[in-house]
Amino acid sequence: MKIATWNVNSLKVRLPHVIDWLNNHQPDILCLQETKLIDDHFPLHDINALGYHCLFNGQKTYNGVAILSKLAGNDRILDIPQFSDEQKRVISATYGDLRVVCVYVPNGESVESAKYQYKLQWLTALKQWLQQELIRYEQLIVLGDFNIAPEDRDVYDPDAWRDKVLCSQPERDALNDLIGLGLKDSFRLFEQPEKSYTWWDYRMMAFRLNRGLRIDHILISDVLTKHCSACSIDKQPRKLERPSDHAPVIVEFKIKE
DNA sequence: ATGGTAGAGGATCTA
């Protein structure tokens, strides 16, 4: 079983890349962030034509998340329950015995910004909700754009990024709090190349110079860890014309469900 | 040097 996450930065612009990627990789599940589409404009038929079901939670201009899957999803939940938020950043559903939570964590803008406080509050709400979900679902996977680089080795220039947004200690603490609920960063279960990143700024030739950050993650519950066989970043789509600024992250499991 | 690029939408806001 193969599950992936990809911040596409506009599904309208990136639809050809997503279609090619689905055809080439045949993931069982692909979670998308920054679809930037209202639900009425979701390209449902194009994706259905590839044999994938779609669940989505979109809005105009910003944010927006979706889950594409070979199996139909059950028990769909939109957003974080009991957390009032106009921004569409979460969708979750069950596939077989697997509970999938697709997240687009707020960027935060800068540590001085009000958006940074929103980000930390949002992460607290996510933690409180996931604590309950982990009781309900033994096989839980939480994946998406977390907008947090967990450690200095996940940053191309740690000194330049020290205490900056995406790297600050409160953000890293918040991510570690999620992991502390009983989740693991699947990427770090395996030996990985040095300087592995998932996002590169469009500016200053950042991708060509591999000036990136690893901010997209796949967190899995302990039961899933036992069956997890690989986790990797696919840099290939970042090399295409008009790419997303993020690369997909893929996790694989030996179990079939 | 406080820039630069991309997307949405139609002037800025967000990342």
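Everything quoted here is computed from the prediction, not taken from an experiment. Numbered from 1 within each chain, the chains take letters A, B, ... in sequence-line order.
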For this session: Hey, which sits more toward the 5' end of DNA chain B by its nearest nucleotide, Y202(A) or N7(A)?
Result: Y202(A)
For this session: Between dA15(B), dG4(B), dG7(B), spot the one nearest the side chain of Y104(A), thanks.
Result: dA15(B)
Exercise. Going by the angle between their ring planes, with limits at 30° and 60°, are H217(A) and F146(A) parallel, tilted or perpendicular?
Worked result: tilted
Exercise. What integer distance in Å separates I215(A):CD1 from dT14(B):C1'?
Worked result: 14 Å
Exercise. Out of dA15(B), dG4(B), dG7(B), which has the shortest distance to the side chain of K115(A)?
Worked result: dA15(B)
Exercise. Just to confirm, is there a sub-4.0 Å distance from OP1 or OP2 of dA8(B) to any side-chain nitrogen or oxygen of K60(A)?
Worked result: no
For this session: Could you tell me how the ring of W122(A) sits relative to the ring of F83(A): parallel (under 30°), tilted (30 to 60°) or perpendicular (over 60°)?
Result: perpendicular
For this session: Considering only atom P, compute the distance from dT12(B) to dG3(B) and round it to an integer number of Å.
Result: 16 Å
For this session: Give a yes/no answer on whether the side chain of T61(A) brings an N or O atom under 4.0 Å of OP1 or OP2 in dT14(B).
Result: no
Seminar exercise, completed: note: E86(A), atom CD; dT14(B), atom C1'; distance rounded to Å ~ 16 Å
Exercise. Which pair of non-hydrogen atoms, one from D28(A) and one from M1(A), has the smallest distance, and what is that distance?
Worked result: OD2-CA, 3.2 Å
Problem set entry | Residues D152(A), R162(A): salt bridge by 4.0 Å N-O rule | yes
Problem set entry | Whole angstrom value for the distance that separates C1' of dA8(B) from CD1 of I38(A) | 13 Å
Exercise. Which part of the nucleic acid, if any, lies within reach of R89(A) when heavy atoms closer than 4.0 Å are counted: base, sugar-phosphate only, or nothing?
Worked result: sugar-phosphate
Problem set entry | 5' priority, DNA chain B, between R242(A) and N147(A) [closest heavy atom] | R242(A)
Exercise. dT5(B) C1' sits how many Å from N9(A) CG, rounded?
Worked result: 11 Å
Problem set entry | Phosphate OP1/OP2 of dA6(B): any R14(A) side-chain N/O under 4.0 Å | no
Problem set entry | C1' atoms of dT14(B) and dG9(B), separation to the nearest Å | 13 Å
For this session: To the nearest Å, give me how far apart CD (E109(A)) and C1' (dC13(B)) are.
Result: 9 Å
Seminar exercise, completed: The single option from R172(A), R188(A), K195(A) that satisfies side chain to side chain donor-acceptor pair (under 3.5 Å) with D154(A) is R188(A)
For this session: In whole angstrom, give the distance that lies between atom CD of E34(A) and atom P of dT14(B).
Result: 13 Å
For this session: Please work out if F207(A) contacts a base, only the sugar-phosphate, or nothing of the nucleic acid, heavy-atom cut-off 4.0 Å.
Result: nothing
Exercise. Expressed in angstrom and rounded to an integer, what is the separation of D201(A) atom CG from dT14(B) atom P?
Worked result: 17 Å
Problem set entry | Nucleotide dG7(B), atom P - distance to CD of Q59(A) in whole Å | 18 Å
